[in-house]
Amino acid sequence: MNKLIKKLLKISGFKKLNPVQEEALKNGLLEGKNLVIASPTASGKSFIFEIAGINTLANERGKVLYIAPLRALCWEKYQDLKRKYEKEFGIKIAISTGDFDSSDLWLARYDWIIVTCEKCDSLIRHGAEWIKDVGLVIVDEIHLIDQIERGPTLEVTITRLKEIIQKTQFLLLSATIKNADELAGWINGKTIVSNYRPVKLYEGVCYNSKIVFLDKEGYKLDEDLPVEDSIVKNTLRFKKQIIFFVGTRKRAEKLAEKLGKTVKKYLTPNEKRDLNFLSEEILNVLEVPTKQCKKLAECVKNGVASHHAGYLSKQRILVEEYFRKGLLKVITATPTLQLGLNLPAWRVVVRDLKRYHPGFGALYIPVIDYKQFVGRAGRPSYDSWGESIIIARNEMEAEDLIEHYILGEPEKITSKLAVEPILRVHTLALIASDFCKSKESLMDFFSKTFYAYQFQDIERIKEKTFEIIKNLKKWKFIVSKKRKIEATRIGKRVSELYIDPLTAYFFIKSLKKVKKIELFGILQLISNTVEMKPLPNVKSKEFDELNEVIAERESCFLQKIPREWDLEFDDFLKSVKMALVFESWINEATEDDILTKFKITPGELRGRLEIADWLLYSLHELALLLRKKSILKDIKKLRVRMHYGVKEELLPLVKLKNVGRVRARKIWLSGIKSIKELRKVPIEKLSKIVGPNIAKNIKDQLKGKKVKERKVLTLKDFSFS
DNA sequence: CTGCTCGACGTCTAGACAGCATGTC
DNA sequence: CTAGACGTCGAGCAG
């Protein structure tokens, strides 16, 4: 066996290669052959690309580019690779995602670069030179190319990479899908399909108080408990952990609450003590805990936690960490945990197999999703096998579910490229980065996509693209000279800002119209964009109130108010609600106020504010290009207020480090209303307001003249645990 | 008159990427 | 064309 592989095996703590890995080697993994590998989670796909990556670097075949769909996944992979290989092989590993960025210019100096798909797209648009030096491209979770929202970006990004670096090796990693061959055909490579798992998985069904497996003896359950409880009881008797997948957030929270009663009987005093600490930590993530935080904290005391996107990421990370450590026994989750993330449990229960789709009602989830869920069953170094359980109502249903999910074949994946908004974004991007300079070259590009390969026909795309080009011209983002198409200055900027050209068009239209700025109007403008969608629902009770707001503030709006019977009215109403939420935020409402009043969870609010920040920045940049000097300052101010969630009067105070909305308000209330006054206040008095440490810190910051020190942030500064 | 239970009816539903420049309680 | 859990509100009943 190759010396290098031996060394890598040792580092990763494996004894020998598994069948999938052998297969990959046989098919030219180290010889630069393109491969599609379709196998279950935890089948050792990571190790395959690690071998390929290190080999590429060792033979100086160029950089390695790793693309994953989630920031969390990138972060996990980054830490893992760094720990294992950076020192050992003297290679430099970098991460570049929306929240962590090893400054783009420097990326050229790194050997192995980890990015999200959108970031990769953005880097290409900004013309990153080092892309040319990439010798191996690894795309993780490639089956997401099927997703309507983000798949096309992935598809276009891969196509562009293929065009820029034609000799480069491509390694596509996928969940088990039906048509992996098609993907392989597209990238002109070979397919490796396998069902190998390092830990044996037994898939079963639960009905009539028993769990039945296909190829293993089942369990009899307590009949006097609800199903979920008796499954948990059965699990805890083996001293094992379990994850439940359910359909909605509410159900996840509810189930966690319910299961606490059963779980707490199995906790040792030590565990109870540790859980109380954890509970406390989870409770105090916010200035004022919301009802939701309190509920989660209560559950955690019993060794159970729910997990979904409505929580703050810090809370989620805590839950994941302590489940991994074995302290938490049960997680009830929505599909947040579907992808990647190393969070296995001995047992996985898929409780809700139907999910609601607007306009279609409740539909069964795809087999791929089911397989991804149960892929988490079995912790490689702890369990000698894993178990997954579907909950059925009766024997009849159980048989159907076994047939469909356990024995069934995963679906085909199909290209979703012909979807308008995304095609619009990419058409402009292709033109703006001079990648395509005519209709013909655009069509030539699209003919190299997975869509074209799969359907052998790009007529639909052609039609849509021509329509899009017409609009982009109308909006003055592109111009055509003779047969050539070119982006205008503003078109280029729009493409770089990574916003939908349609959003940019609305922004520009509004900016041209605006004379005096109305904050509410701006807030509504950024709320009614593609980027902000899907907007939180308007409850029927809120309807009247919102209509009143609309009437009262009629003059604020930058867009024309649609009529109640217009199609856009629904979105308009939602955007007004969103604007009200933002307004409360910058008027210093707490997260709990917002949760109570608008039913928007802290996690969701945080997410929206992030989008708002990005859109406000874009709005500012467009105003700059339009020479709307008079409103630049106002937009900037609004952006800062949104960032901190403060009224205008606190703006001077939040400029200080370690002073956010809470401390700033405290200081202000004590009568200190400006930096000037703050300088005069004796440190003793300030200590009483914000505590001695912070007081000293503030005073130190004021010592220096006006010079603001800029710190170059490295990733070391972000430690998660 | 008050407080409770029950059922009919109505309501609501998963997730998360990007720009830029850096730090809350 | 298609679901199902949960909240709300009013009716009906006991105290």
Side-chain angles (χ1 to χ4, degrees), chain A residues 68-74 96-101 103-104 115-123 125-126 144 147 149-150 153-154 157 245-252 254-255 284-289 308-310 313-314 333-339 352-365 369 422 425 493-500 531 533-534 536-541 599 603-604 606-608 610-611 613-621 639 643-645 654 656-664 666 690-691 694 697 708-714 717-718:
Chain A
L70 263 61
R71 293 169 179 178
L73 236 66
C74 289
S96 178
T97 65
D99 45 359
F100 302 109
D101 208 329
S103 162
D104 299 351
V115 290
T116 54
C117 164
E118 284 76 6
K119 188 67 186 192
C120 183
D121 182 23
S122 160
L123 287 166
R125 288 180 194 205
H126 282 85
L144 293 185
Q147 261 193 357
E149 299 87 357
R150 296 174 58 204
T153 304
L154 185 56
T157 304
F245 283 103
V246 297
T248 68
R249 294 175 183 182
K250 206 187 272 170
R251 282 184 226 176
K254 197 96 186 169
L255 183 59
N284 292 321
V285 161
L286 287 173
E287 19 159 326
V288 183
H308 61 67
S313 65
K314 202 167 175 187
T334 57
T336 5
L337 292 177
Q338 191 170 35
L339 294 177
D352 303 342
L353 285 162
K354 282 186 169 174
R355 209 164 307 145
Y356 178 81
H357 294 264
F360 296 93
L363 300 175
Y364 278 105
I365 61 167
D369 288 20
I422 296 145
V425 171
R493 192 73 188 114
V494 168
S495 175
E496 281 177 356
L497 288 168
Y498 217 91
I499 55 176
D500 190 318
E531 284 76 6
K533 269 164 211 164
N537 267 331
V538 170
K539 325 268 183 239
S540 53
K541 273 186 194 160
K599 297 269 178 291
E604 236 161 348
R606 210 54 70 90
R608 300 299 164 167
E610 217 173 280
I611 299 169
D613 188 47
W614 162 45
L615 289 175
L616 283 171
Y617 173 80
S618 303
L619 188 67
H620 177 268
E621 292 301 291
R639 210 181 143 207
H643 184 88
Y644 291 101
V654 292
L656 290 162
K657 261 198 216 165
N658 293 315
V659 177
R661 62 188 326 222
V662 176
R663 286 175 186 155
K666 267 191 189 165
V690 289
I694 300 291
N697 185 299
K708 255 200 169 177
E709 242 186 75
R710 270 203 188 165
K711 194 175 137 201
V712 178
L713 212 60
T714 59
D717 299 326
F718 290 96

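Computed from a predicted model, the values in this text were never measured in an experiment. The sequence lines fix the lettering, A, B, ..., with proteins before strands; numbering per chain opens at 1.
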Touch class at under 4.0 angstrom, heavy-atom based, for G247(A) against every strand present: sugar-phosphate

Presence of salt bridge, E621(A) and R639(A), under 4.0 angstrom: no

Touch class at under 4.0 angstrom, heavy-atom based, for H308(A) against every strand present: sugar-phosphate

Secondary structure of DNA chain C in dot-bracket form (Watson-Crick or G-U wobble, distances below 3.5 Å, | marking inter-strand pairs): ..|||||||||||||

Touch class at under 4.0 angstrom, heavy-atom based, for G645(A) against every strand present: nothing

Nearest-Å distance for atom pair CD1/C1', residues I499(A) and dC20(B): 14 Å

dC25(B) OP1/OP2 closer than 4.0 Å to side-chain N/O of N284(A): no

Pair assignment for dA16(B), Watson-Crick or G-U wobble, requiring both distances under 3.5 Å: none

Value in whole Å for how far the C1' atom of dA14(B) lies from CG of D352(A): 12 Å

Sugar-phosphate only, base, or nothing, as touched by P358(A) at under 4.0 Å among non-hydrogen atoms: nothing

For E496(A) against H126(A), the heavy-atom pair lying closest together: O-CE1, 3.5 Å

Set of residues satisfying salt bridge (charged side-chain N to carboxylate O under 4.0 Å, His left out) with respect to E531(A), sequence neighbours excluded: none

Sugar-phosphate, base or nothing in reach of R125(A), heavy atoms under 4.0 Å: nothing

For R125(A), all residues meeting salt bridge (charged side-chain N to carboxylate O under 4.0 Å, His left out), sequence neighbours excluded: D121(A)

Expected output: side-chain W614(A) to main-chain I499(A) donor-acceptor under 3.5 Å: no

Assigned partner base of dT22(B), Watson-Crick or wobble definition, under 3.5 Å: none

Rounded interatomic separation in angstrom, taking CD from E604(A) and C1' from dA14(B): 11 Å

Which residues share a salt bridge (charged side-chain N to carboxylate O under 4.0 Å, His left out) with K599(A), sequence neighbours left out: none

Minimum-distance nucleotide (side-chain atoms of T334(A) versus dG15(B), dC20(B), dG23(B)): dG15(B)

Base-contact (B) and sugar-phosphate-only (S) positions in nucleotides 3-8 of chain C, heavy-atom cut-off under 4.0 Å, - elsewhere: BSSS--

Touch class at under 4.0 angstrom, heavy-atom based, for E610(A) against every strand present: base

Closest nucleotide among dC17(B), dC25(B), dG19(B) to the R150(A) side chain: dC17(B)

S540(A) or I611(A), whichever maps to the more 5' nucleotide of DNA chain B: S540(A)

Under-4.0 Å side-chain N/O to phosphate OP1/OP2 contact, K119(A) with dG19(B): yes

Trace of the salt bridge (Lys or Arg N to Asp or Glu O under 4.0 Å) decision for K533(A) with E149(A): CA-CA 11 Å; K533(A) 269 164 211 164; E149(A) 299 87 357; over 6 Å; no

Nucleotide nearest V662(A) (side chain, heavy atoms from C-beta), chosen from dC25(B), dA14(B), dA18(B): dC25(B)

Y617(A) OH - dC20(B) P separation (whole Å): 5 Å

Test item: H620(A) side-chain N/O and L616(A) main-chain N/O as donor-acceptor pair under 3.5 Å: no

Residues which pass salt bridge (charged side-chain N to carboxylate O under 4.0 Å, His left out) with D369(A), listed by chain and number, not counting sequence neighbours: none

Side-chain N or O of R493(A) closer than 4.0 Å to phosphate OP1/OP2 of dG19(B): no

OP1 or OP2 of dG19(B) under 4.0 Å from side-chain N/O of S122(A): yes

P atoms of dA14(B) and dA5(C), separation to the nearest Å: 15 Å

Touch class at under 4.0 angstrom, heavy-atom based, for E496(A) against every strand present: sugar-phosphate

Side-chain N or O of T248(A) closer than 4.0 Å to phosphate OP1/OP2 of dC12(B): no

Any T336(A) side-chain nitrogen or oxygen under 4.0 Å from OP1 or OP2 of dA16(B): no

Spacing of D613(A) atom CG relative to dA21(B) atom P, expressed in whole Å: 12 Å

Sub-4.5 Å side-chain heavy-atom contact between E604(A) and R249(A): yes

Distance, rounded to the nearest Å, where L497(A) contributes CG and dA21(B) contributes P: 12 Å

d(CZ, R71(A); P, dG19(B)) in whole Å: 9 Å

Length of the line joining H126(A):NE2 and dG19(B):P, which is rounded to integer Å: 7 Å

Proximal nucleotide (of dT13(B), dG19(B), dC17(B)) relative to the E118(A) side chain: dC17(B)

Whole-Å C1' distance, dA3(C) and dA16(B): 26 Å

Crowding at NZ, K539(A) (>12 non-hydrogen neighbours, <6.0 Å): yes

Heavy-atom side-chain proximity of P69(A) to L339(A) below 4.5 angstrom: yes

